[in-house]
Each structure stands twice: as C-alpha cells, then as structure tokens.
Amino acid sequence: MTDRSEFVQFLDTLLEAGRFRDYGPNGLQVEGSATVRRLVSGVTASRALIEAAISVGADTILVHHGLFWRGHDGRVTSWLKQRLALLLAHDINLVAYHLPLDAHMTLGNNAQLAVQLGLVARSRFGDQELGCLGERVDGAGFADAQALASHVQTKLNRPVTLVNAGDEAITKIAWCSGGAQGHFEAAIAAGAQAYLTGEISEPQAHLARECGVAYLACGHHATERYGAPAVAAHAAAHFGLAHEFIDIDNPA
Ligand SMILES: [Zn+2]
C-alpha cells in the first residue's frame, strides 16, 4: 500500500504529466481514500467501470478518459452526478491521464498498441509528438493495405474500416490511438503509407483517396485499452498494490 499523494506523484513523474497541453486535468480528479491498496484500471470512468470497481473493493481507479473535459459546462447533473456520487460515497480516488498516457514511450497507448500489432516505432510525428511512425517488428511489411487491415482486425478482434485499399506493399506505418483523425495529414507529411487510429470522420476518407495513403479506423476503445492496464500494473508492482484491469466493452 502507499499514500495517495505518493501514488499520484509517481504517476505524474512517470508520465511527464506537466509536459502536455491537454483537454482536461491530468492526475487526481476526485479525491478519495488517503491510502491506496486496491487499484482498478480501465479505459473510461463510466458508471459501469465505477460500479465494477466498487464491487471488487477498489479504493483507486486509474483511467485514460476521466470525468472533466474542456467544453463541459461544469454542472454536476445527470450522468456526472451519478458517477461522482458513487465515487464519493465509496471514498474512491479517480486518477486520470489523457495525452500523457497515450504518449509514454513503453507503457502508453501507442506503445502498447504497437506491441499488440507487432509494430515498432522508429520516430514520432505531429502535435506534441503524439503520433508514431514505424514498421512491422520483423521488417517484412504487409502485401497491401487489405492485408494490414486483416492483421489488425485479427489482433484487436474488431472490424476495421479501411479507406483507399491500394495494391502496393505497406512498410511505413503510422499510428495514433483513439480519436486522432486530426493527425492524418501530419502522418501523410511524415511519409506514412498507412495510418491507423481509432476513428474516422468524413474528411479523412477524401484525404486517403487523394493522397494515396491507406486509412484504418480500428476503434477508439479497441486502440486505447492497453495503456491504462500497463501503467497501472507498473505502479502496482512498484508499490505492492493489488491491481486488476476491468474492460467495459465499447463498440465505438
Ligand atoms: Zn481516447
């Protein structure tokens, strides 16, 4: 077990939380128990995750998507009231890291997604260097974009939306987990032949066709379910905590 403050300080340092311009606060979002013994990790601080954490007796939840986002008007009503009420009633700490948890070089979402897909990053690109550019670990590449899409589909066990399935062999692959549609142009500029992320919006389909770069939308949740458990397991080992990852399935 450890003190809450030591736990949060450890994560802030590990993830270099102060280095990022982000869409919400990183670190401790809701204060609960002063000591951390039983940690649950998850992708999003949804009511289902909070209820599951309560049922296993957790005192601390570590997530990628916390409760407070730029643009929210700050009212504690409806779903936000319900989630907060559960956390406060059970004295549970909510600790959230967004971009710092995407970016960590070995434990972050992008690094852990690469492990799942058998990719290795050779460089970083785009805003705050969040995107990864690399290749297949074995250097073999993929016969074409459809072969890459099939590979990702198998590894993530989720359908992939592929745009611009050209027939050229794919060796230079860029990726950025979650809702990183906006990094597509930077990936193209960095020289990628294919770009993997969680979601697609209307403009990216045209850019993929017109620029000749394959676009793979692989699921926001599916591409972001590996970072939080990796970071939590690392912290749990450091402090000798009980830890479990609870995956609340999400089709998006
Ligand atoms: Zn996300």
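The first residue of the sequence shown is numbered 1, and numbering continues consecutively from there. Whatever order the structure lists ligands and atoms in, that order sets their numbers, starting from 1. Just the heavy atoms: all of them, side chains too, but no hydrogens, waters or symmetry mates, feed the values below.
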Scan the side chains in residues 243-252 for donor-acceptor partners under 3.5 Å anywhere in the protein, sequence neighbours excluded, and list what turns up.
{"from": "H243", "atom 1": "NE2", "to": "S41", "atom 2": "OG", "distance (Å)": "2.8"}
{"from": "D247", "atom 1": "OD1", "to": "H221", "atom 2": "NE2", "distance (Å)": "2.8"}
{"from": "N250", "atom 1": "OD1", "to": "A252", "atom 2": "N", "distance (Å)": "2.8"}

Please output the side-chain donor-acceptor pairs of residues 107-122 that fall under 3.5 Å, not counting sequence neighbours, one pair per line with the distance.
{"from": "N109", "atom 1": "OD1", "to": "G227", "atom 2": "N", "distance (Å)": "2.9"}
{"from": "N109", "atom 1": "ND2", "to": "D102", "atom 2": "OD1", "distance (Å)": "3.0"}
{"from": "N110", "atom 1": "OD1", "to": "S177", "atom 2": "N", "distance (Å)": "2.8"}
{"from": "N110", "atom 1": "ND2", "to": "L130", "atom 2": "O", "distance (Å)": "2.8"}
{"from": "Q112", "atom 1": "NE2", "to": "T106", "atom 2": "O", "distance (Å)": "2.8"}
{"from": "R122", "atom 1": "NE", "to": "E135", "atom 2": "OE2", "distance (Å)": "3.1"}
{"from": "R122", "atom 1": "NH2", "to": "E135", "atom 2": "OE2", "distance (Å)": "3.0"}

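Listed by chain and number, H65 NE2, H220 NE2, E224 OE1 are the protein N/O/S atoms closer than 2.8 Å to the Zn ion (ligand 1), with waters left out.
Listed by chain and residue number, nothing satisfies the ring-ring contact (aromatic ring centres under 6.0 Å, His included) test with F125 (two or more places apart in sequence, or in another chain).
Nearest heavy-atom pair, T197 versus T223, reported as atom, atom and distance to 0.1 Å: O-CG2, 4.2 Å.
No salt bridge links D59 with R4; every basic N to acidic carboxylate O contact stays at or beyond 4.0 Å.
Ring centers of H65 and H220: under 6.0 Å apart, within the cut-off.
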